[in-house]
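First the proteins, then the strands, lettered A, B, ... as listed; each starts at 1.
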2 protein chains.
Amino acid sequence: MSKVTIKDVAREAGVSISTVSNALNNVDVLNPETKSHVLNVAKRLNYVPNLNGKQLKTGKTKMLGFFTTSVSGPYFYTLVESMARECDRLGYGLNVFVTRDKGVIMSNILGRRVDGVIIYEELRIDNEDVIMMMKEKIKAVFLDRFLENETMGSVIFDSFVAGYEATKYLISLGHKKIAYISGVDTMFDSVQRKEGYLAALREHQLLVDDDYVLQGYFEEEGAYNAIKSFLHMHPDKLPDAFLAGNDLSAIGCIRALKSHGFDVPSDISVVGFDDIDIAQYFTPPLTTVRNQIARQGVLAIDHLVRMIQKKEQGKKQKLAGELIVRGSSQVKIQRNDPGQE
Amino acid sequence: MSKVTIKDVAREAGVSISTVSNALNNVDVLNPETKSHVLNVAKRLNYVPNLNGKQLKTGKTKMLGFFTTSVSGPYFYTLVESMARECDRLGYGLNVFVTRDKGVIMSNILGRRVDGVIIYEELRIDNEDVIMMMKEKIKAVFLDRFLENETMGSVIFDSFVAGYEATKYLISLGHKKIAYISGVDTMFDSVQRKEGYLAALREHQLLVDDDYVLQGYFEEEGAYNAIKSFLHMHPDKLPDAFLAGNDLSAIGCIRALKSHGFDVPSDISVVGFDDIDIAQYFTPPLTTVRNQIARQGVLAIDHLVRMIQKKEQGKKQKLAGELIVRGSSQVKIQRNDPGQE
DNA sequence: TATGATTATAAAAACGTTTTTATAAAAGGA
DNA sequence: TCCTTTTATAAAAACGTTTTTATAATCATA
């Protein structure tokens, strides 16, 4: 227990605890001398206010919560780092909960451990919970989730358009057989990107083949394995290009292709999403649709803090991607001998 | 404010608040019927205990704090993920503070926002602060820092031995001119690894050349640039091997070497440290000294929780590395033409 | 000089819990 | 039957703050 309390300071300084409180929170009502005297005593005693007492009384914790299923990988660390820094800048702390336990989540949110929350979509907080949060006037911003709800905020990346544009880009290079490496079907981004991909294919009357939709789980290993087994099962159906659900899958995909003796991009083009920090350094550097992850984090925090401090209404913010063309994609080479490798 | 409090539950159930409290915390003193009745009412009213009230009274927050300068990159995300999961498993939450602001750090620690803290060494909390933390009986575990202090815990990786062994390994392959890519000199691991490297060189009467100690800042880009400028400034002093301060620098180093037309490992061997998740998938797969990062996180949390719950004394835990030989290193090839490329 | 307004400080209430202490009823023993 | 235990619940105190209300002293005004 923090030994020295406001009472000790009051006693030592020979004033009342309200005077100490006023001095510490510089409520401008005190005689300047009294104030500085109190402050000196507080310093001398190494007084640090107990935050639990403070929080109980004020109802504010100056903490924001981030609830997620993972913090691993470039997507999450970029996000977390940007949010944590923005919190720090704004005088908040960030509580990171890596859990799927609804009880933990709800007792922390409704138990007022934090003044507001950022929720990563994969948690799929159900409607009932959202309604309860609304009733309790919880301030919340959802990431990568389209929330119909009026009072909650959300920041999403426009994955549909990103998928659509990336596919159109590949088509424009002359690729016809384009495969998609999907994430998990509970993930908004994965689904949206696939929808965009399918829309572009249909628009160009290109083949929509179920075999061309692989499961890579948004992870390097997942994509690697998916490609390996695809090449094994359908050696005759080699696509012209792979559209990977995110950069991590693109990297796994390229590794798998390389290990089978294919060259990227001259044999097969690969495009990813996100433009994670290592995308530009990979060999070959990844063509990708940039998702300003750090910006998402900052926007989410800023919005949340405004909702808390300025009673701002929750709003939807949708960020557009930007196609970054690098070395992992190129114009389709029409080979004379169709059976390469 | 969470509208419904324990008082509301008490009133609605027709009992006293102490009875409600006892029912909720199943203190076994109540008539089972009373208890279940109270529980039902609480559930019906969607009662969630206010954590600030609870924390104030009990003096426990069931939160641990992690104070660090960054959460980016494989090292940190592996660490944070493992700590957050272990916290969740043990019924704690994790507060992540990415800051260098001593005021923020101290007011959160001494203000009892958390029951205990994990401190990443780079923060270099000074001795005065450590003493104050001791006086206040703060439970703390330091990561990657050798704390002389008796009452605080620490978990470190034995970077000296790791550096020594890695260097000896390179020497055993026949390499003589071995360069080291250092991190920052305030980082324990970087310094220790370098010391181990130097010790091994001396032991084998090998050249200790200041030009062979580069600054890579423990980052991919940093190492990349360091190698580039080294190759530019000393084209005649090409080493046989690079010992990179961590895997990220090893990756940057290899990229730079490749871009100059060198092959790794046939021209130059490269060895890293940590065995980050992508090390095995890199091309070539990295030879590295494994640092069980996730294990460090778990050990730190477990130890901290025991210090809190079982009043365990703070102790020092030192983890040994393990050399993982992969594709980025090989026996030195004695070329006839010493001036390759 | 007496009165009302202002200033500076103190006292008390409140935040929502848990925990200690008190009270009342039921049960047990002689 | 009376007294002592036990059992079940209620009341009150406490945690460390902030905030509201009260009090005393000073100041201005008439």
Would you list the protein and nucleotides 22-28 of chain C atom pairs, both N or O, that sit under 3.5 Å from each other?
none

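Applying the ring-ring contact (aromatic ring centres under 6.0 Å, His included) criterion to A/F218, with sequence neighbours excluded, gives no partner residue. Applying the salt bridge (charged side-chain N to carboxylate O under 4.0 Å, His left out) criterion to B/D8, with sequence neighbours excluded, gives B/R11. Looking at residues two or more places apart in sequence or on another chain, you find no salt bridge (charged side-chain N to carboxylate O under 4.0 Å, His left out) involving A/E219.
Rounding to whole angstrom units, CG of residue A/L30 and P of D/dA25 are separated by 18 Å. Whole-Å rounding puts the B/N31 CG to D/dT6 C1' distance at 14 Å. To the nearest angstrom, P of C/dC15 lies 21 Å from CG of A/L51.
A donor and an acceptor atom, one from each side chain of B/Y75 and B/D189, are nowhere located under 3.5 Å apart. Side-chain contact, B/R113 with A/Q55: a donor N or O sits under 3.5 Å from an acceptor N or O. In summary, the side chains of A/D277 and A/Y77 do present a donor paired with an acceptor at a separation below 3.5 Å, with no hydrogens or angles considered.
Note: A/L51 CG to B/I109 CD1 = 11.5 Å, rounded to the nearest 0.5 Å.
Using cut-offs of 30° and 60° on the angle between ring planes, the pair B/Y120 and B/F76 is perpendicular.
Residues from residues 17-26 of chain A with heavy atoms under 4.0 angstrom of DNA chain D, sorted by number: A/I17, A/S18, A/S21, A/N25.
Each of A/P32 and B/K54 has a nearest nucleotide on DNA chain C; the 5'-most of these lies closest to A/P32.
End-to-end axis angle for the helix from C/dT1-D/dA30 to C/dA30-D/dT1, using five pairs per end and rounding to 10°, comes out at 60°.
Within 4.0 Å (heavy atoms only), A/V15 reaches sugar-phosphate atoms of the nucleic acid but no base atom.
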inquiry  = Evaluate A/L39 against A/L24 for side chain to side chain contact (heavy atoms under 4.5 Å, CB included), listing each step before the verdict.
reply    = CA-CA 7 Å; A/L39 257 27; A/L24 291 165; 4.1 Å; yes

